[in-house]
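Chain A is the first sequence line, chain B the second, and so forth, proteins listed ahead of strands; every chain is numbered from 1.
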2 protein chains.
Amino acid sequence: MFEFLHQKVNETINITDEEFEYAKTLFIPKKLRKKRFLLEEGEPCIYTTFVEKGLLRSFTIDEKGNEHILQFGMEGWWVADLYSFLTGEPSEYNIEALEDCELLLITKSSWDLLLDEVPAFERYFRILIQNNLIATQRRLMGTISTTAEERYTKLLHDFPRISQRVPQHMIASYIGVTRETLSRLRSQMTSG
Amino acid sequence: MFEFLHQKVNETINITDEEFEYAKTLFIPKKLRKKRFLLEEGEPCIYTTFVEKGLLRSFTIDEKGNEHILQFGMEGWWVADLYSFLTGEPSEYNIEALEDCELLLITKSSWDLLLDEVPAFERYFRILIQNNLIATQRRLMGTISTTAEERYTKLLHDFPRISQRVPQHMIASYIGVTRETLSRLRSQMTSG
DNA sequence: TAAAAAACGTGACATAGATCACATCCATTT
DNA sequence: AAATGGATGTGATCTATGTCACGTTTTTTA
(Lines give C-alpha, C1' and ligand atoms only; values in the text may rest on other atoms or scores of the structure.)
Protein backbone atom coordinates (compact mmCIF):
# COMPACT_ATOMS: atom_id res chain seq x y z
CA MET A 1 0.00 0.00 0.00
CA PHE A 2 2.89 2.40 0.69
CA GLU A 3 5.21 1.26 -2.10
CA PHE A 4 4.29 4.05 -4.45
CA LEU A 5 4.73 6.80 -1.86
CA HIS A 6 8.01 5.20 -0.79
CA GLN A 7 9.19 5.24 -4.37
CA LYS A 8 8.23 8.88 -4.93
CA VAL A 9 9.92 9.97 -1.70
CA ASN A 10 13.05 7.99 -2.54
CA GLU A 11 13.28 9.65 -5.93
CA THR A 12 13.52 13.03 -4.22
CA ILE A 13 15.49 12.64 -0.98
CA ASN A 14 17.60 10.21 1.01
CA ILE A 15 15.62 8.47 3.68
CA THR A 16 16.29 5.41 5.85
CA ASP A 17 13.87 2.49 6.05
CA GLU A 18 13.20 3.24 9.72
CA GLU A 19 12.29 6.82 8.90
CA PHE A 20 9.85 5.67 6.26
CA GLU A 21 8.42 3.02 8.58
CA TYR A 22 7.73 5.80 11.06
CA ALA A 23 6.11 7.96 8.38
CA LYS A 24 3.80 5.09 7.41
CA THR A 25 2.21 5.12 10.86
CA LEU A 26 1.04 8.69 10.32
CA PHE A 27 -0.97 8.16 7.13
CA ILE A 28 -4.61 7.13 6.89
CA PRO A 29 -5.52 5.05 3.82
CA LYS A 30 -8.83 5.91 2.21
CA LYS A 31 -10.78 4.89 -0.86
CA LEU A 32 -12.92 7.52 -2.48
CA ARG A 33 -15.40 6.74 -5.22
CA LYS A 34 -15.87 8.76 -8.36
CA LYS A 35 -17.97 11.92 -7.88
CA ARG A 36 -17.44 11.91 -4.10
CA PHE A 37 -15.85 14.89 -2.38
CA LEU A 38 -12.69 14.86 -0.28
CA LEU A 39 -13.26 18.50 0.68
CA GLU A 40 -16.12 20.95 0.31
CA GLU A 41 -15.88 24.72 0.22
CA GLY A 42 -16.40 26.26 3.65
CA GLU A 43 -15.08 23.37 5.69
CA PRO A 44 -11.44 23.31 6.86
CA CYS A 45 -9.01 21.20 4.86
CA ILE A 46 -7.87 18.86 7.61
CA TYR A 47 -5.80 16.54 5.40
CA THR A 48 -3.06 16.74 2.87
CA THR A 49 -3.52 13.84 0.49
CA PHE A 50 -1.21 11.65 -1.56
CA VAL A 51 -2.89 10.14 -4.61
CA GLU A 52 -1.93 6.48 -5.01
CA LYS A 53 -4.47 5.77 -7.68
CA GLY A 54 -7.17 7.69 -9.51
CA LEU A 55 -7.69 11.32 -10.33
CA LEU A 56 -9.14 14.31 -8.48
CA ARG A 57 -9.66 17.99 -9.10
CA SER A 58 -9.58 20.99 -6.79
CA PHE A 59 -11.82 23.83 -7.88
CA THR A 60 -13.82 26.88 -6.86
CA ILE A 61 -17.31 27.94 -7.85
CA ASP A 62 -17.86 31.67 -8.42
CA GLU A 63 -20.98 33.80 -7.83
CA LYS A 64 -22.23 33.05 -11.35
CA GLY A 65 -21.94 29.33 -10.72
CA ASN A 66 -18.92 28.87 -12.98
CA GLU A 67 -16.27 26.40 -11.90
CA HIS A 68 -12.56 27.22 -11.98
CA ILE A 69 -10.07 24.41 -11.64
CA LEU A 70 -6.91 25.00 -9.62
CA GLN A 71 -5.40 21.61 -10.27
CA PHE A 72 -5.86 18.02 -11.25
CA GLY A 73 -4.41 15.53 -8.78
CA MET A 74 -3.10 12.45 -10.52
CA GLU A 75 -1.24 9.34 -9.29
CA GLY A 76 1.87 10.38 -7.35
CA TRP A 77 0.65 13.93 -6.75
CA TRP A 78 -0.54 15.64 -3.60
CA VAL A 79 -3.77 17.55 -3.23
CA ALA A 80 -5.03 19.94 -0.55
CA ASP A 81 -6.12 23.50 -0.02
CA LEU A 82 -2.72 24.43 1.32
CA TYR A 83 -3.84 27.67 2.96
CA SER A 84 -6.73 26.05 4.78
CA PHE A 85 -4.58 23.07 5.76
CA LEU A 86 -1.94 25.32 7.31
CA THR A 87 -4.24 27.80 9.05
CA GLY A 88 -7.37 25.80 9.79
CA GLU A 89 -9.46 28.50 8.05
CA PRO A 90 -12.48 27.39 6.00
CA SER A 91 -11.45 26.21 2.56
CA GLU A 92 -12.10 28.17 -0.62
CA TYR A 93 -11.85 24.99 -2.67
CA ASN A 94 -13.74 21.81 -3.38
CA ILE A 95 -11.82 18.60 -4.01
CA GLU A 96 -13.69 15.93 -5.94
CA ALA A 97 -12.77 12.48 -7.23
CA LEU A 98 -13.03 12.25 -11.01
CA GLU A 99 -12.26 8.53 -10.88
CA ASP A 100 -12.33 5.92 -8.12
CA CYS A 101 -9.34 6.80 -5.94
CA GLU A 102 -6.97 5.27 -3.45
CA LEU A 103 -5.56 7.91 -1.17
CA LEU A 104 -3.19 8.39 1.76
CA LEU A 105 -4.31 11.14 4.12
CA ILE A 106 -2.25 12.93 6.74
CA THR A 107 -3.57 15.43 9.28
CA LYS A 108 -1.89 18.73 10.11
CA SER A 109 -0.72 17.52 13.53
CA SER A 110 0.76 14.32 12.06
CA TRP A 111 2.37 16.34 9.31
CA ASP A 112 3.94 18.72 11.84
CA LEU A 113 5.18 15.73 13.78
CA LEU A 114 6.63 14.16 10.66
CA LEU A 115 8.53 17.33 9.72
CA ASP A 116 9.86 17.68 13.29
CA GLU A 117 10.90 14.07 13.68
CA VAL A 118 12.24 13.44 10.18
CA PRO A 119 14.06 16.45 8.71
CA ALA A 120 14.35 14.58 5.41
CA PHE A 121 10.59 15.03 5.05
CA GLU A 122 10.95 18.76 5.60
CA ARG A 123 13.22 18.69 2.56
CA TYR A 124 10.87 16.42 0.63
CA PHE A 125 7.98 18.82 1.08
CA ARG A 126 10.18 21.84 0.39
CA ILE A 127 11.13 20.34 -2.98
CA LEU A 128 7.55 19.30 -3.70
CA ILE A 129 6.22 22.79 -2.97
CA GLN A 130 9.10 24.33 -4.89
CA ASN A 131 8.26 22.34 -8.03
CA ASN A 132 4.61 23.20 -7.61
CA LEU A 133 5.51 26.89 -7.33
CA ILE A 134 7.57 26.77 -10.52
CA ALA A 135 4.73 25.06 -12.39
CA THR A 136 2.13 27.48 -11.01
CA GLN A 137 4.25 30.50 -11.95
CA ARG A 138 4.55 29.13 -15.49
CA ARG A 139 0.82 28.59 -15.72
CA LEU A 140 0.19 32.10 -14.40
CA MET A 141 2.53 33.68 -16.94
CA GLY A 142 0.94 31.59 -19.69
CA THR A 143 -2.52 32.74 -18.63
CA ILE A 144 -1.41 36.36 -18.71
CA SER A 145 0.53 36.25 -21.94
CA THR A 146 -0.72 33.54 -24.30
CA THR A 147 -3.93 32.74 -26.17
CA ALA A 148 -6.43 30.08 -25.16
CA GLU A 149 -5.26 27.92 -28.07
CA GLU A 150 -1.64 28.04 -26.92
CA ARG A 151 -2.65 27.15 -23.37
CA TYR A 152 -4.73 24.24 -24.65
CA THR A 153 -1.91 22.94 -26.82
CA LYS A 154 0.51 23.23 -23.91
CA LEU A 155 -1.84 21.34 -21.59
CA LEU A 156 -2.16 18.49 -24.09
CA HIS A 157 1.62 18.47 -24.41
CA ASP A 158 2.22 18.44 -20.65
CA PHE A 159 -0.53 15.90 -19.89
CA PRO A 160 -1.16 13.91 -23.07
CA ARG A 161 -3.63 11.54 -21.43
CA ILE A 162 -5.69 14.19 -19.68
CA SER A 163 -8.24 14.61 -22.47
CA GLN A 164 -9.12 10.93 -22.25
CA ARG A 165 -9.58 11.14 -18.51
CA VAL A 166 -11.53 14.34 -17.93
CA PRO A 167 -14.46 15.96 -19.75
CA GLN A 168 -13.74 18.88 -22.06
CA HIS A 169 -15.60 21.42 -19.96
CA MET A 170 -13.18 20.81 -17.08
CA ILE A 171 -10.22 21.26 -19.39
CA ALA A 172 -11.84 24.51 -20.52
CA SER A 173 -12.16 25.72 -16.95
CA TYR A 174 -8.54 24.73 -16.24
CA ILE A 175 -7.20 26.84 -19.09
CA GLY A 176 -9.58 29.65 -18.20
CA VAL A 177 -12.13 29.71 -21.02
CA THR A 178 -15.75 28.62 -21.40
CA ARG A 179 -16.66 25.18 -22.72
CA GLU A 180 -18.09 26.80 -25.85
CA THR A 181 -14.82 28.54 -26.63
CA LEU A 182 -12.84 25.33 -26.16
CA SER A 183 -15.27 23.44 -28.36
CA ARG A 184 -14.81 25.96 -31.19
CA LEU A 185 -11.05 25.96 -30.68
CA ARG A 186 -10.97 22.20 -31.07
CA SER A 187 -12.98 22.14 -34.28
CA GLN A 188 -10.78 24.89 -35.76
CA MET A 189 -7.65 22.95 -34.81
CA THR A 190 -8.76 19.67 -36.43
CA SER A 191 -10.08 21.39 -39.58
CA GLY A 192 -7.10 23.80 -39.99
CA MET B 1 23.59 45.00 7.44
CA PHE B 2 22.03 41.65 8.37
CA GLU B 3 19.57 42.91 10.97
CA PHE B 4 16.60 42.91 8.62
CA LEU B 5 17.22 39.40 7.33
CA HIS B 6 17.77 38.22 10.91
CA GLN B 7 14.48 39.75 11.92
CA LYS B 8 12.57 38.17 9.01
CA VAL B 9 14.09 34.75 9.70
CA ASN B 10 13.33 35.03 13.41
CA GLU B 11 9.70 35.81 12.67
CA THR B 12 9.40 32.50 10.85
CA ILE B 13 11.54 29.91 12.61
CA ASN B 14 13.62 29.28 15.72
CA ILE B 15 17.29 29.78 15.09
CA THR B 16 20.31 30.19 17.36
CA ASP B 17 22.67 33.12 17.12
CA GLU B 18 25.50 30.81 16.05
CA GLU B 19 23.40 29.41 13.25
CA PHE B 20 22.63 32.89 11.99
CA GLU B 21 26.28 33.93 12.33
CA TYR B 22 27.16 31.00 10.10
CA ALA B 23 24.49 31.98 7.59
CA LYS B 24 25.87 35.53 7.41
CA THR B 25 29.17 34.23 6.04
CA LEU B 26 27.38 32.81 3.00
CA PHE B 27 25.73 35.99 1.74
CA ILE B 28 27.22 38.56 -0.60
CA PRO B 29 26.06 42.16 -0.04
CA LYS B 30 25.45 44.14 -3.21
CA LYS B 31 24.13 47.55 -4.11
CA LEU B 32 22.24 47.82 -7.37
CA ARG B 33 21.25 51.14 -8.87
CA LYS B 34 17.87 51.87 -10.39
CA LYS B 35 17.42 50.52 -13.95
CA ARG B 36 20.33 48.09 -13.58
CA PHE B 37 19.73 44.37 -14.07
CA LEU B 38 20.37 41.66 -11.53
CA LEU B 39 19.58 39.01 -14.13
CA GLU B 40 19.05 39.03 -17.87
CA GLU B 41 17.07 36.51 -19.88
CA GLY B 42 19.28 33.76 -21.28
CA GLU B 43 21.89 33.79 -18.55
CA PRO B 44 21.66 31.38 -15.60
CA CYS B 45 20.25 32.76 -12.36
CA ILE B 46 23.23 32.10 -10.10
CA TYR B 47 21.88 33.91 -7.03
CA THR B 48 18.81 33.94 -4.88
CA THR B 49 18.45 37.45 -3.52
CA PHE B 50 17.09 38.94 -0.32
CA VAL B 51 15.90 42.54 -0.74
CA GLU B 52 17.04 44.68 2.19
CA LYS B 53 16.07 47.93 0.60
CA GLY B 54 14.57 49.07 -2.68
CA LEU B 55 12.31 47.44 -5.22
CA LEU B 56 12.83 45.10 -8.17
CA ARG B 57 10.71 43.34 -10.72
CA SER B 58 11.11 39.98 -12.47
CA PHE B 59 9.59 39.88 -15.94
CA THR B 60 9.60 38.26 -19.36
CA ILE B 61 9.45 39.85 -22.79
CA ASP B 62 7.37 38.02 -25.41
CA GLU B 63 7.85 37.79 -29.19
CA LYS B 64 5.80 40.94 -29.72
CA GLY B 65 8.01 42.84 -27.31
CA ASN B 66 5.41 43.02 -24.56
CA GLU B 67 6.59 42.72 -20.97
CA HIS B 68 4.89 40.43 -18.44
CA ILE B 69 5.70 40.87 -14.78
CA LEU B 70 5.99 37.76 -12.60
CA GLN B 71 6.60 39.62 -9.39
CA PHE B 72 7.70 42.75 -7.63
CA GLY B 73 10.44 42.21 -5.05
CA MET B 74 10.08 44.62 -2.14
CA GLU B 75 11.96 45.00 1.15
CA GLY B 76 11.99 41.70 3.02
CA TRP B 77 11.17 39.62 -0.05
CA TRP B 78 13.28 37.24 -2.08
CA VAL B 79 13.72 37.34 -5.83
CA ALA B 80 15.15 34.83 -8.30
CA ASP B 81 14.21 32.73 -11.28
CA LEU B 82 13.73 29.69 -9.09
CA TYR B 83 13.86 27.17 -11.93
CA SER B 84 17.06 28.57 -13.35
CA PHE B 85 18.59 28.88 -9.89
CA LEU B 86 17.87 25.24 -9.09
CA THR B 87 18.83 23.71 -12.44
CA GLY B 88 21.45 26.09 -13.82
CA GLU B 89 19.44 26.37 -17.06
CA PRO B 90 19.31 29.75 -18.81
CA SER B 91 16.77 32.03 -17.22
CA GLU B 92 13.44 32.93 -18.85
CA TYR B 93 13.24 36.08 -16.74
CA ASN B 94 14.84 39.47 -16.38
CA ILE B 95 15.27 41.00 -12.93
CA GLU B 96 15.62 44.76 -12.85
CA ALA B 97 15.95 47.32 -10.07
CA LEU B 98 13.08 49.81 -10.08
CA GLU B 99 14.75 51.79 -7.28
CA ASP B 100 18.27 51.89 -5.86
CA CYS B 101 18.59 48.59 -3.99
CA GLU B 102 20.57 46.98 -1.21
CA LEU B 103 20.65 43.24 -1.65
CA LEU B 104 22.00 40.08 -0.07
CA LEU B 105 22.95 37.43 -2.65
CA ILE B 106 23.52 33.74 -2.08
CA THR B 107 24.81 31.27 -4.66
CA LYS B 108 23.32 27.83 -5.25
CA SER B 109 26.28 26.05 -3.65
CA SER B 110 26.16 28.27 -0.55
CA TRP B 111 22.42 27.80 -0.37
CA ASP B 112 22.80 24.01 -0.57
CA LEU B 113 25.42 24.20 2.17
CA LEU B 114 23.16 26.35 4.33
CA LEU B 115 20.25 23.93 4.02
CA ASP B 116 22.52 20.97 4.82
CA GLU B 117 24.24 22.58 7.79
CA VAL B 118 21.25 24.39 9.30
CA PRO B 119 18.00 22.43 9.05
CA ALA B 120 16.13 25.45 10.44
CA PHE B 121 16.87 27.19 7.14
CA GLU B 122 15.39 24.27 5.24
CA ARG B 123 12.22 24.99 7.18
CA TYR B 124 12.53 28.74 6.63
CA PHE B 125 12.69 28.31 2.87
CA ARG B 126 9.94 25.69 2.91
CA ILE B 127 7.64 28.18 4.60
CA LEU B 128 8.75 31.00 2.34
CA ILE B 129 8.08 28.96 -0.80
CA GLN B 130 4.82 27.70 0.66
CA ASN B 131 3.52 31.23 1.21
CA ASN B 132 4.65 32.20 -2.25
CA LEU B 133 2.80 29.20 -3.71
CA ILE B 134 -0.42 30.15 -1.92
CA ALA B 135 -0.15 33.73 -3.17
CA THR B 136 0.64 32.61 -6.72
CA GLN B 137 -2.28 30.18 -6.76
CA ARG B 138 -4.58 32.99 -5.65
CA ARG B 139 -3.26 35.28 -8.34
CA LEU B 140 -3.69 32.54 -10.94
CA MET B 141 -7.28 31.89 -9.93
CA GLY B 142 -7.97 35.61 -9.95
CA THR B 143 -6.52 35.92 -13.43
CA ILE B 144 -8.71 33.09 -14.67
CA SER B 145 -11.93 34.10 -12.97
CA THR B 146 -12.08 37.85 -12.34
CA THR B 147 -12.14 41.02 -14.44
CA ALA B 148 -9.21 43.37 -14.92
CA GLU B 149 -10.89 45.91 -12.66
CA GLU B 150 -11.23 43.42 -9.81
CA ARG B 151 -7.60 42.41 -10.17
CA TYR B 152 -6.52 46.04 -10.13
CA THR B 153 -8.57 46.81 -7.04
CA LYS B 154 -7.16 43.75 -5.31
CA LEU B 155 -3.60 44.74 -6.14
CA LEU B 156 -4.14 48.21 -4.68
CA HIS B 157 -5.62 46.58 -1.59
CA ASP B 158 -2.77 44.10 -1.16
CA PHE B 159 -0.01 46.64 -1.91
CA PRO B 160 -1.42 50.09 -1.20
CA ARG B 161 1.89 51.87 -1.83
CA ILE B 162 2.70 50.11 -5.10
CA SER B 163 1.08 52.70 -7.36
CA GLN B 164 3.33 55.40 -5.92
CA ARG B 165 6.41 53.28 -6.50
CA VAL B 166 5.98 51.79 -9.97
CA PRO B 167 4.70 53.21 -13.25
CA GLN B 168 1.17 52.33 -14.35
CA HIS B 169 2.26 50.35 -17.38
CA MET B 170 4.05 47.89 -15.10
CA ILE B 171 0.99 47.53 -12.93
CA ALA B 172 -0.95 46.87 -16.12
CA SER B 173 1.47 44.14 -17.15
CA TYR B 174 1.30 42.62 -13.65
CA ILE B 175 -2.47 42.28 -13.75
CA GLY B 176 -2.32 41.07 -17.35
CA VAL B 177 -3.77 43.94 -19.40
CA THR B 178 -2.33 46.60 -21.70
CA ARG B 179 -1.42 50.05 -20.41
CA GLU B 180 -4.26 51.55 -22.46
CA THR B 181 -6.83 49.29 -20.83
CA LEU B 182 -5.57 50.14 -17.34
CA SER B 183 -5.61 53.83 -18.17
CA ARG B 184 -9.26 53.61 -19.24
CA LEU B 185 -10.13 51.51 -16.20
CA ARG B 186 -8.65 54.15 -13.91
CA SER B 187 -10.53 57.04 -15.47
CA GLN B 188 -13.81 55.07 -15.29
CA MET B 189 -13.15 54.26 -11.64
CA THR B 190 -12.52 57.87 -10.59
CA SER B 191 -15.44 59.25 -12.61
CA GLY B 192 -17.96 56.54 -11.65
C1' DT C 1 18.20 74.07 -18.08
C1' DA C 2 17.63 72.14 -22.54
C1' DA C 3 16.93 67.96 -24.87
C1' DA C 4 15.64 63.32 -24.89
C1' DA C 5 13.12 59.69 -23.22
C1' DA C 6 9.65 57.63 -20.72
C1' DA C 7 4.97 57.75 -19.07
C1' DC C 8 0.27 58.67 -19.70
C1' DG C 9 -4.38 59.77 -21.98
C1' DT C 10 -7.60 59.05 -25.50
C1' DG C 11 -10.00 58.24 -29.99
C1' DA C 12 -11.23 54.74 -33.75
C1' DC C 13 -11.41 50.31 -34.84
C1' DA C 14 -10.42 45.11 -34.58
C1' DT C 15 -10.95 40.74 -32.30
C1' DA C 16 -10.91 36.98 -28.90
C1' DG C 17 -13.75 35.17 -26.05
C1' DA C 18 -18.35 35.32 -23.31
C1' DT C 19 -23.18 34.69 -23.25
C1' DC C 20 -27.54 32.78 -24.50
C1' DA C 21 -30.19 29.47 -26.84
C1' DC C 22 -31.08 25.11 -28.63
C1' DA C 23 -29.98 20.61 -30.71
C1' DT C 24 -27.82 16.33 -30.45
C1' DC C 25 -25.06 12.72 -28.42
C1' DC C 26 -23.48 9.69 -24.85
C1' DA C 27 -23.41 7.42 -20.43
C1' DT C 28 -25.22 6.11 -16.13
C1' DT C 29 -28.93 4.51 -13.45
C1' DT C 30 -33.12 2.05 -12.55
C1' DA D 1 -34.29 -1.04 -22.50
C1' DA D 2 -36.08 3.31 -21.15
C1' DA D 3 -35.15 7.35 -19.08
C1' DT D 4 -32.61 10.89 -17.05
C1' DG D 5 -28.84 13.91 -16.78
C1' DG D 6 -24.36 15.14 -18.23
C1' DA D 7 -21.42 16.37 -22.10
C1' DT D 8 -20.68 18.37 -26.55
C1' DG D 9 -21.42 21.22 -30.89
C1' DT D 10 -22.89 25.35 -33.10
C1' DG D 11 -25.29 29.68 -34.44
C1' DA D 12 -26.25 34.69 -33.28
C1' DT D 13 -25.00 38.23 -30.76
C1' DC D 14 -22.52 41.05 -27.13
C1' DT D 15 -18.56 42.87 -24.60
C1' DA D 16 -14.09 43.40 -22.65
C1' DT D 17 -9.84 44.09 -24.02
C1' DG D 18 -6.24 44.60 -27.67
C1' DT D 19 -4.16 47.31 -31.38
C1' DC D 20 -2.73 51.36 -33.72
C1' DA D 21 -2.15 56.13 -33.90
C1' DC D 22 -1.22 60.55 -32.13
C1' DG D 23 -0.70 64.21 -28.65
C1' DT D 24 0.49 65.85 -23.99
C1' DT D 25 2.79 65.60 -19.67
C1' DT D 26 6.36 64.23 -16.65
C1' DT D 27 10.82 62.57 -15.56
C1' DT D 28 15.71 61.68 -16.66
C1' DT D 29 19.86 62.68 -18.39
C1' DA D 30 23.35 65.31 -20.60
By side-chain contact (heavy atoms from CB on, under 4.5 Å), A:Arg184 pairs with (sequence neighbours left out) A:Glu180

Taking everything shown except B:Lys154 itself, do over 12 heavy atoms lie less than 6.0 Å from its NZ?
no

Please check if any side-chain donor atom of B:Gln7 sits under 3.5 Å from a side-chain acceptor atom of B:Glu11, or the reverse.
yes

Ignoring hydrogens and geometry beyond distance, is a side-chain donor-acceptor pair present between A:Tyr174 and A:Arg57 at under 3.5 Å?
no

Closer than 3.5 angstrom, by distance alone: can the side chain of A:Ser183 be matched with the main-chain N or O of A:Arg179 as a donor-acceptor pair?
no

Is the A:Trp77 to A:Phe72 ring centre distance short of 6.0 Å?
no

Check whether B:Phe27 and B:Val9 end up in the same hydrophobic cluster, where Ile, Leu, Val, Met, Phe, Trp and Tyr are linked by side-chain heavy atoms less than 4.5 Å apart.
yes

Once you round it to whole Å, what is the distance between C1' of C:dG17 and CD of A:Gln188?
11 Å

For A:Leu155 and A:Arg151: C-alpha separation, side-chain torsions, deciding distance, then whether side chain to side chain contact (heavy atoms under 4.5 Å, CB included) applies.
CA-CA 6 Å; A:Leu155 179 66; A:Arg151 298 192 312 267; over 6 Å; no

To the nearest angstrom, the NE2-P distance between B:His169 and C:dA5 comes to 16 Å

Can you tell me which residue among A:Leu104, A:Thr107, A:Leu113, A:Leu105 is in a side chain to side chain contact (heavy atoms under 4.5 Å, CB included) with A:Leu26?
A:Leu113

Note: contacts of residues 136-154 of chain B with DNA chain C (heavy atom, under 4.0 Å) are none

Mind running a 4.0 Å heavy-atom check of residues 170-185 of chain A against DNA chain C and sending the residues that fall below it, in number order?
A:Gly176, A:Val177, A:Thr178, A:Glu180, A:Thr181, A:Arg184

Identify the 5'-most and 3'-most nucleotides of DNA chain D with at least one atom closer than 4.0 Å to a non-hydrogen atom of chain A.
D:dA7 to D:dA12

Quick test of your reading of the model: are A:Arg123 and B:Asp116 salt-bridged, counting only N-O distances below 4.0 Å?
yes

Provide, to the nearest angstrom, the distance between the CE atom belonging to B:Met189 and the P atom belonging to C:dC8.
16 Å

Bend of the helix from C:dT1-D:dA30 to C:dT30-D:dA1 from end-axis comparison, five pairs per end, nearest 10°, comes to 60°

Among B:Lys35, B:Arg33, B:Arg165, the one residue meeting side-chain hydrogen bond (donor to acceptor under 3.5 Å, both in side chains) with B:Glu99
B:Arg165

Is there a donor-acceptor pair closer than 3.5 Å between any side-chain N or O of B:Thr25 and the backbone N or O of B:Glu21?
no

Find every protein N or O atom lying less than 3.5 Å from an N or O atom of nucleotides 25-30 of chain C, and list the pairs.
none

Examine distances only and state if a side-chain atom of B:Thr49 and a backbone atom of B:Trp78 form a donor-acceptor pair shorter than 3.5 Å.
no

I'd like to know if the side chain of B:Glu122 reaches the main chain of B:Ala120, judged simply by a donor and an acceptor atom lying under 3.5 Å from each other, with no hydrogens or angles considered.
no

Is it true that B:Lys53 and B:Glu75 make a salt bridge, defined as a side-chain N closer than 4.0 Å to a carboxylate O?
no

